[in-house]
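On a predicted model such as this, the values are computed, not experimentally measured, just so you know.
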Amino acid sequence: MTFLPEDFVVPTLVAGLRFRIRPITVHDVVKVYDAVMSSREHLWAEFGDVWGWPRAGLTLEETLIDVAWRQREGELRRSFSFAVLTTDESRLLGAVRIDPPGKLGVDAEAGFWVRSDQDGSSVAAELEDFVREWVTTTWPFKTVRYPGRDISWDEWHALPSVEHP
């Protein structure tokens, strides 16, 4: 199976009880920047050693470039980034990313984060349950790996890499 069958329709809006998930766009950049920078230490503890993100001096312009890239990757069906928003879409609660596997053994890899004021909350737990079910029931994946959650980053790095064309 290729990463995503051509006839698969990528979801454009899904909702939990207290959030909405939709593809991220450049129109979200201010909300993304606020969520990332207000949660920078929390996110650095989760991703910093692996990805070097988000660095202390991250700018709004750099965030715009990153969000635009992620939006374009979704349009090209290479990887998918979703904004997790309050039900009225006034605030970004976090993000979800679905990628082709970087390592052998799964159909896809997924990750998600919530802003630090939501970490450990019922919204964070609801999002985790929702994402895990959504990625394997709505998307055409049988096996999904969650690096940094189901497998440590060290274990993930030690796995054989997938060669992408």
Describe, in one word, how the ring planes of W51 and H157 are oriented to each other, choosing from parallel (under 30°), tilted (30 to 60°) and perpendicular (over 60°).
tilted
Can you get from I98 to V10 by hopping between Ile, Leu, Val, Met, Phe, Trp and Tyr side chains that sit under 4.5 Å apart?
yes
Is it the case that T86 and R18 place a side-chain donor and acceptor less than 3.5 Å from each other?
no
Using modelled atom types only, decide if a donor and an acceptor are shared between the side chain of R78 and the backbone of P100 within a distance under 3.5 Å.
no
Might you work through the salt bridge (charged side-chain N to carboxylate O under 4.0 Å, His left out) test for E155 and K103, ending with a clear yes or no?
CA-CA 11 Å; E155 293 169 314; K103 304 292 183 172; over 6 Å; no
Could you tell me if the ring centre of F3 sits under 6.0 Å from that of F141?
yes
Think R97 forms a cation-pi with F82, using NZ or CZ under 6.0 Å from the six-ring centre and within 45 degrees of its axis?
no
Using the rule that Ile, Leu, Val, Met, Phe, Trp and Tyr join whenever any side-chain heavy atoms are under 4.5 Å apart, tell me whether W69 and V29 fall into a single cluster.
no
Expected output: side-chain E109 to main-chain G102 donor-acceptor under 3.5 Å:
yes
Looking at R22 and T12, what are the two nearest heavy atoms and their distance?
CB-O, 3.2 Å
Hydrophobic cluster membership, W44 vs V114, 4.5 Å side-chain cutoff
no
Are there more than 12 heavy atoms of other residues, nucleotides or ligands under 6.0 Å from atom CD of E62?
yes
According to a 4.5 Å side-chain heavy-atom criterion applied to Ile, Leu, Val, Met, Phe, Trp and Tyr, with indirect links allowed, do V106 and Y146 form part of one hydrophobic cluster?
no
